[in-house]
Structure formats: C-alpha cells, structure tokens
Amino acid sequence: MSIFLQSKLPHVGTTIFSTMSQLAAQHGAINLSQGFPDFDCPPALVELVSQAMRAGHNQYAPGIGISALREKISQKTQELYGHFAHPDTEITVTSGATEALFAAIAAVVQPGDEVLVLEPCYDSYVPAIELSGGVPVFVPLRFPDYSVDWQQVENKLTEKTRLLIVNSPHNPSGAVWQPQDMAALTRLTQKYPFLILSDEVYEHMVFDGQPHRSILSVPALAQRAFVVSSFGKTYHTTGWKVGYCIAPAPLTVEFRKVHQYLTFSTATPFQHALAAYLEHQEHYLTLPQFYQQKRDLFASLLQPSKFELLPCAGTYFQLARYRHISDQPDVAFSQWLTKEAGVAVIPVSVFYHDGQDHGVIRFCFAKKEETLRTAAERLCQL
C-alpha cells in the first residue's frame, strides 16, 4: 500500500551548514563554514560539569531550568542591561537558542499571522513561522552594510503583523545595531501593536569598543519582547545546546506551554556547571577583545588576497566579496572553493528566501590561529 505524505516544509532540505561541513570532510578542507570554534571551552567549565555529574545531577532538571542558573541569568541581565527579569516568571532555560526561537514563534503566531523577517537571516526563522501557519514577510537589509531600512519595515507593517524578528549582532553579516535603530524600533512600537523576537546570541561579540544594544535595555521594547541568548556561543560549547529566553511574564507563560512539549528540560549537569561558572564574569566581559583579535588577524592575513572584506562589527563571521576571483554564483563558488582551494565557506544567498546573490561568502573566524593562518595561505593563492 502506498501512502501519500504532503510535506509541511516542501522547500526545505538538508541545511547548508551540514552540507558544507560534509563537503569539507569529504575533501579534507579547512572548515570555516559552520559557526563553531575548533578550540576548547574553559577547562574549569568542563571540570564543573564532571563535578555536577559525580554529585548526582543526572536526572531531569525542572522544565524551566534550575533555579540557580535562572537567578544568575537574572543578575547578569540586570548588571549588563539594567533590566530585572524575574527568575521564576520571566526566564526559561532552553535546549539551545534555536529551540527558544522556535518556541517563541510557536507560542504567539496563529495561522494567517504575518511575521516580519529582515533578510539575510538565520535559517531557522522561516520554517518555524511556516510550521505555525504564519506568513513570513521579508524586508531586505541594505547592501553592502546590512543596515535596517526602517521605512521599509514600517511599510510592511499591517493589522496582521504579529511579530518582528530582529538580530544584533547580525548573522551572517556581522552588522551591529546603532542608537538610531533602537530609536526607530521604539517609535514603531508606539504606533503598532506587534511583538518582538530578538535573537541576541552573539551579544558578547561586539567589537571596536561598541556596546551591545540589547532590546532589554529599552523598557518600552522589553515589555513586548522575547529575547534569546546562547551559552553555547558565549562559552565555546555549541554542542551542549543550552540557551535561554527572557520575556515578560504573560509571554513567558505562553512560551513555556510550547517549551514543555518541545524538549521539556535541558541537560542537567550543564546547567549546574554554567550556574557556577557565571561567577567568572571576566570570561564574557573579555570575549569582545578575544574575538576582535581573531577578526583582525584573519583580516590582516587576507589583505594580500583578491577577496574584498566587508565591515565586521560583531559575531565571529567575516563576509567577503569574490568578484575579482570568479563570476560564479555564490553557491557554486563556495563548492569550488571547498573542493579546489580546500577552504569551506557559506554562500550568503542561502540566507535569503529568494536566493538573492550579491557575490558574497561567509567565513567563520572562531578558529585557532594556526587554522586561520593555514586557511588564509590557501585563499591568498587564488
């Protein structure tokens, strides 16, 4: 008997991140595509996980996260952004930031609701919207600086707009919001009743002395927002999949209804370890300098190459144009670069729903110095 199955995501296949990482492995290429470090997390953090396991913290954690971790998140948020999030009613620990993003969208988007998406964007946003029956409405960021055209955003707002998804520091571009962006968004919230989902997973990777401008730092924005953060990004532990979401109590109630059936709870020993390690504020306070050194090293190494580097104000991604090397579409060029030059990258067109191609690729520089030097040496030979 044959069974007909209609896909809920007919246009979705294997993610470009998995595809390029697999291609890199097949061809022995240096993997600067997927966004993960090739260096270890702090040894003390690993020891804290081991201690938590030996202490018996190996069963289900509370669905919303252990209290010690939620309290530390609350303290950190108030110190950094001047926003008090109640640990019991406004903070939820999640199985990575991607789960938090999905749960927030699923919690508030009803069939037919419109969700504004600023492109290029992280690839999980749109499938989550579509699975909830929502309608993604796309607003392109300005090229080549990837700044927000707030007039275009306002033009796309309608009575059906339920949610606006924002992301700063921005993946894939590395753009960082300025005071005028916060002011423009605040003005829009005074005129329209939409909610905000703010993806702030790279909050501790802002360079050149700039601050991270969190949605939580503006009360008018915080009162209608889900703000998502990532321990994986901050502590070089992407494989642990631990993140969290901060939202006002009424939004958190709805968020937790989805979260409890999506993953229920997050790995217990990791939570205990992170709660203890958050005492070491110097780690996240010095992270901007740590990654800026890598950004600057990689840029200097690529200076003799034919690549044109675009400004990178945050994240651990560097965009580059390759028009002086090839006129291929960016997907084809990325595949060629992986196979022939031995360096895997991500084509930026995959971050657009319509495959908009500006001839730009994305490098991840969250790598050891020797990795970056070897990759740059290959890239400079093109």
Side-chain angles (χ1 to χ4, degrees), residues 1-24 33-36 94-141 156 158 160-167 170-173 194-199 201 226 228 230 232 238-239 241 243 245 254-264 266 317 329-332 334-335 344-357 362:
M1 182 179 69
S2 62
I3 298 175
F4 172 72
L5 178 63
Q6 183 173 352
S7 174
K8 288 188 173 183
L9 295 171
H11 305 297
V12 172
T14 304
T15 71
I16 188 66
F17 310 106
S18 297
T19 299
M20 295 308 296
S21 288
Q22 290 169 5
L23 196 63
S33 60
Q34 199 166 359
F36 61 84
T94 61
S95 296
T98 301
E99 189 242 315
L101 293 165
F102 187 97
I105 291 167
V108 299
V109 173
Q110 303 282 351
D113 283 348
E114 294 179 352
V115 180
L116 265 60
V117 179
L118 308 180
E119 284 193 313
C121 69
Y122 181 53
D123 70 342
S124 83
Y125 298 168
V126 173
I129 295 165
E130 293 176 339
L131 286 171
S132 295
V135 179
V137 176
F138 300 100
V139 182
L141 298 173
K156 293 292 181 71
T158 73
K160 293 183 178 180
T161 305
R162 170 64 62 186
L163 187 67
L164 167 65
I165 304 179
V166 299
N167 173 212
H170 181 255
N171 175 20
S173 74
F194 60 87
L195 298 171
I196 299 166
L197 173 54
S198 185
D199 178 351
V201 300
F226 299 93
V228 174
S230 166
T238 61
K241 296 297 292 180
C245 179
E254 298 305 313
F255 179 93
R256 289 175 175 177
K257 289 178 183 178
V258 176
H259 166 71
Q260 69 182 341
Y261 295 116
L262 192 56
T263 60
F264 178 64
T266 299
F317 300 119
D330 65 358
V331 173
S334 297
Q335 293 170 342
V345 297
I346 296 291
V348 173
S349 67
V350 302
F351 296 95
Y352 290 91
H353 76 286
D354 57 358
Q356 197 171 137
D357 187 351
R362 190 194 78 175

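The shown structure was predicted, so the numbers you read here are calculated from the model rather than taken from an experiment.
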Which value, rounded to the nearest 0.5 Å, describes the distance between F226 atom CZ and L195 atom CG? 6.5 Å
Locate the shortest heavy-atom distance separating P172 from C121; write the atom from each residue and the value. CD-N, 4.5 Å
Donor-acceptor under 3.5 Å (D357 side chain, P329 main chain): no
For F264, what residues pass the ring-ring contact (aromatic ring centres under 6.0 Å, His included) criterion, not counting sequence neighbours? Y60
Side chain T158, main chain K160, donor-acceptor under 3.5 Å: yes
Sequence neighbours left out, what pairs pass salt bridge (charged side-chain N to carboxylate O under 4.0 Å, His left out) with at least one residue falling in residues 105-117? D113-R162
Got a donor-acceptor contact below 3.5 angstrom from the E119 side chain to the H353 backbone? yes
Measuring from atom OG of S173 to atom CZ of F351, what distance do you get when rounded to the nearest 0.5 angstrom? 10.0 Å
Quick one: does any side-chain atom of H259 pair with a main-chain N or O of S95 as donor and acceptor, under 3.5 Å? no
Is there a donor-acceptor pair closer than 3.5 Å between any side-chain N or O of R362 and the backbone N or O of S33? yes
Trace of the side chain to side chain contact (heavy atoms under 4.5 Å, CB included) decision for T161 with K156: CA-CA 9 Å; T161 305; K156 293 292 181 71; over 6 Å; no
Taking the side chain as C-beta and beyond, is there a heavy-atom pair between K241 and T98 under 4.5 Å? yes
Contacts of F255 meeting ring-ring contact (aromatic ring centres under 6.0 Å, His included) (sequence neighbours excluded), chain-then-number -> none
Suppose we screen for salt bridge (charged side-chain N to carboxylate O under 4.0 Å, His left out). Which residues come up paired with R256, at least two apart in sequence or across chains? none
I'd like to know whether L101 forms a side chain to side chain contact (heavy atoms under 4.5 Å, CB included) with L197, so could you lay out the CA-CA distance, the side-chain angles of the two residues, the decisive distance to 0.1 Å, and finally the verdict. CA-CA 8 Å; L101 293 165; L197 173 54; 4.0 Å; yes
With the side chain counted from C-beta on, respond yes when P127 and K8 share a heavy-atom pair under 4.5 Å apart, and no when they do not. no
Of all heavy-atom pairs linking V109 and G134, the shortest is CG1-CA, 3.7 Å
Rounded to the nearest 0.5 Å, the OG atom of S124 sits from the CG atom of D199 at a distance of 7.5 Å
Kindly give the heavy-atom pair with the smallest separation between V201 and A97, and that separation in Å. CG1-CB, 3.4 Å
Spell out, as yes or no, whether a donor-acceptor pair under 3.5 Å connects the side chain of K257 to the backbone of A107. no
Check T238 against G35 and note the closest heavy-atom contact, atom names and distance. CG2-O, 4.2 Å
Test side chain to side chain contact (heavy atoms under 4.5 Å, CB included) on I165 and V115 and set out the steps. CA-CA 7 Å; I165 304 179; V115 180; 3.9 Å; yes
Would you list the atom pairs, donor with acceptor, under 3.5 Å between side chains in residues 9-16 and any protein atom, with sequence neighbours excluded?
from: T15; atom 1: OG1; to: S18; atom 2: N; distance (Å): 3.2
from: T15; atom 1: OG1; to: S18; atom 2: OG; distance (Å): 3.3

Stepwise side chain to side chain contact (heavy atoms under 4.5 Å, CB included) test for F194 and L116: CA-CA 10 Å; F194 60 87; L116 265 60; over 6 Å; no
To the nearest 0.5 Å, what is the distance between OG1 (T94) and CG (L262)? 9.5 Å
Taking every heavy atom of Q335 against every heavy atom of M20, the minimum-distance pair comes out as N-CE, 4.4 Å
Find the distance between OH (Y125) and CG (N167) and round it off to the nearest 0.5 Å. 4.0 Å
Apply side-chain contact (heavy atoms from CB on, under 4.5 Å) to Q34 and list each qualifying residue two or more places apart in sequence or on a separate chain. F17, S21, F36
